[in-house]
Undergrad: 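My questions all concern the structure below.
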Protein chains: 4
Amino acid sequence: MIAKMRKLPRQTRAHQTVDFILDAAAYILAERGLAGFTTNHIAERAGVNISSLYQYFPNKLAILEALQTRHIATPDDGYAQWLERLRDLSLEEVVRSVVDVALEMHAANPTMHRLFLDTLPRQTRHSHDDFEADRIARIAAILLPKSRAGKDPDMMLFITRHALTWVVHEAVCERPEWLTDPAFRKELVALLVNFLRAD
Amino acid sequence: MIAKMRKLPRQTRAHQTVDFILDAAAYILAERGLAGFTTNHIAERAGVNISSLYQYFPNKLAILEALQTRHIATPDDGYAQWLERLRDLSLEEVVRSVVDVALEMHAANPTMHRLFLDTLPRQTRHSHDDFEADRIARIAAILLPKSRAGKDPDMMLFITRHALTWVVHEAVCERPEWLTDPAFRKELVALLVNFLRAD
Amino acid sequence: MIAKMRKLPRQTRAHQTVDFILDAAAYILAERGLAGFTTNHIAERAGVNISSLYQYFPNKLAILEALQTRHIATPDDGYAQWLERLRDLSLEEVVRSVVDVALEMHAANPTMHRLFLDTLPRQTRHSHDDFEADRIARIAAILLPKSRAGKDPDMMLFITRHALTWVVHEAVCERPEWLTDPAFRKELVALLVNFLRAD
Amino acid sequence: MIAKMRKLPRQTRAHQTVDFILDAAAYILAERGLAGFTTNHIAERAGVNISSLYQYFPNKLAILEALQTRHIATPDDGYAQWLERLRDLSLEEVVRSVVDVALEMHAANPTMHRLFLDTLPRQTRHSHDDFEADRIARIAAILLPKSRAGKDPDMMLFITRHALTWVVHEAVCERPEWLTDPAFRKELVALLVNFLRAD
DNA sequence: TATGAATGAGCGTTCATTCAT
DNA sequence: CATGAATGAACGCTCATTCAT
C-alpha cells in the first residue's frame with residue numbers, strides 16, 4: 001500500500017480522499033466488473049476529480065492493488081506468537097487452529113473476498129494468496145514433522161495448502177454462511193487431518 | 001461452439017477461417033491476457049479480415065466462449081458406461097477412477113486449461129466447470145453411499161468436489177508435470193478416501 | 001426504374017427476385033429508417049443472396065430510387081386526354097379536378113407515400129416531386145389564363161403548387177383518413193380557387 | 001441545448017470548444033449531408049479532439065439537436081404582447097401580422113433553415129416545427145373567430161397552418177429572395193385571407 | 001491541493017461491395 | 001444465375017492519462 005502510492009497523504013483530508021477513491025473502486029468493481037473498472041468512473045463515483053486520483057495513484061493497476069492490499073490483514077506480533085504456540089500442539093490441534101484462522105480471515109469480509117475471487121483473473125490477483133501461501137508454508141513446516149512421512153513432502157504440502165485454500169474460497173463464493181458453521185470447520189479439519197495422518 | 005455462432009461455415013475455406021480465428025484467439029489470450037484480447041488483434045493474428053471474424057461470431061464474448069467450448073470433451077457413450085461400472089466398485093476404487101479421469105482430462109492439454117484458469121476471472125469462465133461439476137456430482141451420488149454418514153452430505157460433497165478440482169487446477173498451473181505422476185495421483189486418492197471413509 | 005438497373009430481369013423468376021428485394025427494402029426502410037437501410041439487411045430480409053442483389057442494382061441508392069419510382073404512376077395516354085379536357089372547363093372545375101387527382105394519387109397508398117416523406121430527406125427524395133411538379137406546371141398553364149392577373153404569375157404558381165402539394169403531404173402523414181373525405185377536398189378547392197380568382 | 005448536454009462548460013475555453021463543435025457540425029451537415037455527418041469529421045473540422053466532443057455531447061444525435069435548437073428563437077415576452085395585440089385586429093390585419101412573422105423568422109437565417117429542411121428527414125427534424133406549430137395554433141385560436149364558420153375548424157386550421165409553413169419552407173429552399181419581397185408577402189396574405197373569409 | 005479541459009490511441013462493430021465457386 | 005466467403009474503410013464511442021488554471 002505504501003510502496004505503490006505516489007505520495008503519502010499528509011493531511012487527514014487527503015486521507016479521506018484516498019479512502020473515498022478506494023471505496024468507490026470497490027463499488028465499481030463489484031457493480032460493473034473488471035471491465036467497467038475505469039479511472040474515470042472511479043473518480044466520478046468517489047466524488048473527486050480525476051486529476052486528484054492521479055495525484056495519489058500512478059495508474060489504474062495501483063488502485064486495484066491498493067484495493068486488494070487494504071483487505072489483507074498484515075501479519076503482526078500476535079501472529080508470530082500464535083505461530084510459536086503451535087509447535088507444542090498435537091497434529092489435530094494444529095490443523096484445527098489453522099483452519100480456524102483461515103475461516104476467520106474470510107468470514108470477516110466475505111463479500112470483499114468474493115469480489116476479488118470473482119472479478120479478477122488469477123494473474124491479476126494480488127499478493128494476497130502469496131501472503132497466505134507464505135503463512136501456510138510456515139505452518140506446514142510445523143505440520144509436516146507431526147504427519148506421516150510421505151514420499152514427497154512438497155507434494156503433501158501443496159495438496160494440503162490448496163485443498164484448504166480453495167475449499168474456503170469456494171465457500172466464500174457459494175456458501176458464505178458455512179464460514180461460521182462449526183460443522184464446516186469440523187469437516188475441513190477431518191479432510192486435512194486424515195490426509196496428513198495417513199494410512 | 002455451434003450455438004453461439006452467427007452462421008455455420010459451409011465451405012472448407014470457411015471452416016479454415018473459423019479455425020484460424022480460434023487459434024489466433026488462443027494465442028492472443030495467452031500472450032496478452034484478457035485485457036489484450038481484442039477482436040482486431042485476433043483478426044490480424046488470424047490473418048483474416050475483421051469483418052470475416054464478425055461474420056462467424058456475433059461479438060467478442062462469443063469467441064471466448066467458443067474457445068473454451070472447443071476444449072471441453074463432451075461426455076459421450078463411453079462416459080455413461082464408465083459411470084455405470086463404478087457402481088460395483090469399492091470406495092477406494094471409485095475414487096481412484098475419478099481421480100484418474102480428472103488428471104487425464106487436464107493432462108491432455110494443460111497449457112490450454114491453464115490459459116483459462118489464469119486469464120479469465122471466475123465470472124467469465126465458461127460452463128466448463130459446470131460440466132465438470134455436473135459430472136462430479138453424478139459421481140458423488142455413487143460415492144456417498146459408500147462413505148461414512150456425515151451430518152451434511154451436501155457439505156461433504158462440496159468439499160470433496162472442490163478439493164479435487166482445485167488441487168488439480170493448481171497443479172495444472174504450477175506443477176503440470178505432476179498430472180502424470182503416479183505419486184500425485186496416489187496422494188489425491190489418499191486425500192479423498194481418508195476424508196470420505198471417516199474417522 | 002429501367003434506367004438505373006444493371007440488367008433487366010428476363011425470366012419471371014428474376015422478376016420475382018427484384019420484387020422481393022424491393023418489398024424487403026420497403027419493409028426495412030419503414031422498420032429501421034434510412035439509417036438502418038443497408039444492403040445486407042435488405043438482402044437477408046428478401047431471402048436472396050447479397051450478390052444477387054448486386055446483380056440487379058449497381059448500388060444502394062439505386063434500390064432507394066427504384067423503390068420510389070415503383071410508387072409513382074407513370075403518366076399515360078389517359079393523362080394526356082384528361083389534361084386536354086381541362087381546357088374547356090371553368091376555373092373552379094379545373095381546380096376541383098386537379099385536387100381530386102392529387103388526393104387520389106396519395107390515397108392509393110398513403111403508407112408508402114408517408115414512408116418516403118418521413119424517412120427521406122428532401123435531397124434524397126426522388127423525382128417523384130419533380131414529376132408532380134411537372135404535371136402541376138402543365139396544369140397551371142391551363143389555370144393561369146382563367147385566374148386573376150397577378151403581378152408575378154410564377155409566384156402565384158409556386159404558391160398554388162406547394163400549398164396543394166404540402167397540405168396533401170401533411171395530410172398523408174397526419175390525417176390519412178382525410179384523403180378520401182369530401183369535406184377536405186372541398187376546403188382544398190376553396191383554398192386554391194379563392195386565391196386564384198380574386199381581389 | 002442545455003438539456004441534452006453532458007456537462008456544462010465552465011471555463012470560457014470550454015465554451016469556445018462547444019461553439020467550434022456546433023459550427024463544424026453545421027458545416028459538415030451542409031457540405032456532406034446527413035450521411036456524412038460523422039462525429040469524427042465534426043471533431044476534425046472543429047479542430048478539437050473527438051473525446052472533447054463526447055465530453056459535451058453524449059452522442060451524435062445530441063449534436064444534431066443542439067444544432068437545431070441553436071437556431072430557434074425562443075419565444076419571449078415580446079411574443080406574448082404581440083399575441084395579445086392581435087386580438088383587436090381585423091382578420092386581414094392578423095393574417096398580415098402572422099405572415100410577416102413567419103417570413104421574418106426564416107429570412108433571418110435562410111441557409112440554416114434550408115440546411116435542416118434539405119438534409120434532415122421529417123423524423124429527425126427537431127421540435128422546431130412543433131414550436132412553430134404551437135405558435136401558429138395559438139394564433140389560429142385568434143383567427144378562427146374572425147373567419148367564416150367552416151364545418152370542421154380543425155381542418156381549416158390544418159390547411160392554413162401547413163399551407164403557410166410549407167410555402168415558406170419551399171421559398172426558403174428555392175426562392176430565398178422572396179422572403180423579403182413584399183409581393184410574396186401580399187400573395188401569401190391573399191392565399192390565407194381569401195380562404196378564411198370564405199365564399 | 002484540487003479542478004476543468006483536453007488528448008490520442010484504440011476498441012467493438014457494421015457497411016457497401018467484390019471475388020470465387 | 002446464384003451463393004458463400006471475403007474485404008477494407010469507416011463509424012460511434014471510451015479509455016487512461018496529462019495539461020492549464
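This one's a predicted model, so the numbers in the text were calculated from it and none came from an experiment. FYI, side chains are in, hydrogens and waters are out, and symmetry mates aren't considered; it's all heavy atoms of this structure. So you know, we letter chains A, B, ... as the sequences are listed, proteins then strands, and number each from 1.
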Undergrad: Just wondering, more than 12 heavy atoms not from D:E44 lying within 6.0 Å of its CD?
TA: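 Not more than 12 within 6.0 Å, no.
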
Undergrad: How many Å lie between CG on D:L8 and P on E:dT3, as a whole number?
TA: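 Rounded to the whole Å, the gap is 18 Å.
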
Undergrad: Reading DNA chain E from 5' onward, which residue's closest nucleotide shows up sooner: B:Q11 or D:I50?
TA: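 Going by which nucleotide is closer to the 5' end, it is D:I50.
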
Undergrad: Need to verify one output field. Residue with the more 5' nearest nucleotide on DNA chain F, D:R32 or D:R13?
TA: D:R32

Undergrad: Between P on E:dC19 and CG on C:L53, what's the gap in Å once rounded to a whole number?
TA: 17 Å

Undergrad: Rounded to the Å, how far apart are B:M5 CE and F:dG4 P?
TA: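 Distance, rounded to whole Å: 15 Å.
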
Undergrad: Report yes if a donor N or O on one partner sits less than 3.5 Å from an acceptor N or O on the other, where the partners are the side chain of C:N49 and the base of F:dG4; otherwise report no.
TA: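 Side chain to base: pair present.
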
Undergrad: Should E:dC11 form a Watson-Crick or G-U wobble pair with both distances under 3.5 Å, which nucleotide is its partner?
TA: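 E:dC11 is paired, partner F:dG12.
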
Undergrad: Nearest-Å distance, CG (C:N59) to P (E:dT17)?
TA: 5 Å

Undergrad: Calculate the interatomic distance between B:I28 atom CD1 and E:dC11 atom C1'; express it in whole Å.
TA: 14 Å

Undergrad: Measuring to OP1 and OP2 of F:dT7, would you say a side-chain N or O of B:S52 lies under 4.0 angstrom away?
TA: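 So the side-chain polar atoms of B:S52 do come within 4.0 Å of the phosphate oxygens OP1 or OP2 of F:dT7, strictly under.
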
Undergrad: Report the distance from atom CG of A:L34 to atom CZ of A:F116, rounding to the nearest 0.5 Å.
TA: 11.0 Å

Undergrad: Which one, E:dA6, F:dA6, F:dC1, comes nearest to the side chain of D:Q55?
TA: E:dA6

Undergrad: For B:L64 and E:dC11, what is the distance between atoms CG and C1' respectively, to the nearest whole Å?
TA: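 Those two atoms, CG and C1', are 16 Å apart.
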
Undergrad: Return the pairing partner of F:dT17 with a 3.5 Å limit on both distances, Watson-Crick or G-U wobble; otherwise return none.
TA: E:dA6

Undergrad: Just how far is it from atom CD of C:E31 to atom NE2 of C:H41, taken to the nearest 0.5 Å?
TA: 12.0 Å

Undergrad: Under a 4.0 Å heavy-atom cut-off, which of residues 37-44 of chain B touch DNA chain E?
TA: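 Listed by number, they are B:F37, B:T38, B:T39, B:N40, B:H41.
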
Undergrad: To the nearest Å, give me how far apart CZ (C:F57) and P (E:dT18) are.
TA: 16 Å

Undergrad: CD of D:Q55 to CE of D:M5: how many Å apart, nearest 0.5 Å?
TA: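 Atom-to-atom, D:Q55:CD and D:M5:CE are 10.5 Å apart.
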
Undergrad: What I want to check is whether an N or O donor and acceptor connect the side chain of A:S51 with the base of F:dC19 at under 3.5 Å.
TA: yes

Undergrad: Above 12 or not: heavy atoms from other molecules or residues under 6.0 Å from CZ of D:R122?
TA: yes

Undergrad: Give the rounded distance in Å between these two atoms: NZ of A:K60 and P of E:dA9.
TA: 19 Å

Undergrad: Is any side-chain N or O of D:T17 closer than 4.0 Å to OP1 or OP2 of E:dA5?
TA: no

Undergrad: Using the side-chain heavy atoms of C:Y54, tell me which of these nucleotides is nearest: E:dT13, F:dA2, E:dT18.
TA: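 The answer is E:dT18.
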
Undergrad: To the nearest 0.5 Å, what is the distance between CG on D:L115 and CG on D:L29?
TA: 4.0 Å

Undergrad: Would you compute the distance between atom CD1 of A:I28 and atom OG1 of A:T119 and round it to the nearest 0.5 angstrom?
TA: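 Reported to 0.5 Å precision, the distance equals 12.5 Å.
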
Undergrad: Quick one: pull up CZ in A:R45 and CZ in A:F20 and give me the separation to the nearest 0.5 Å.
TA: 11.5 Å

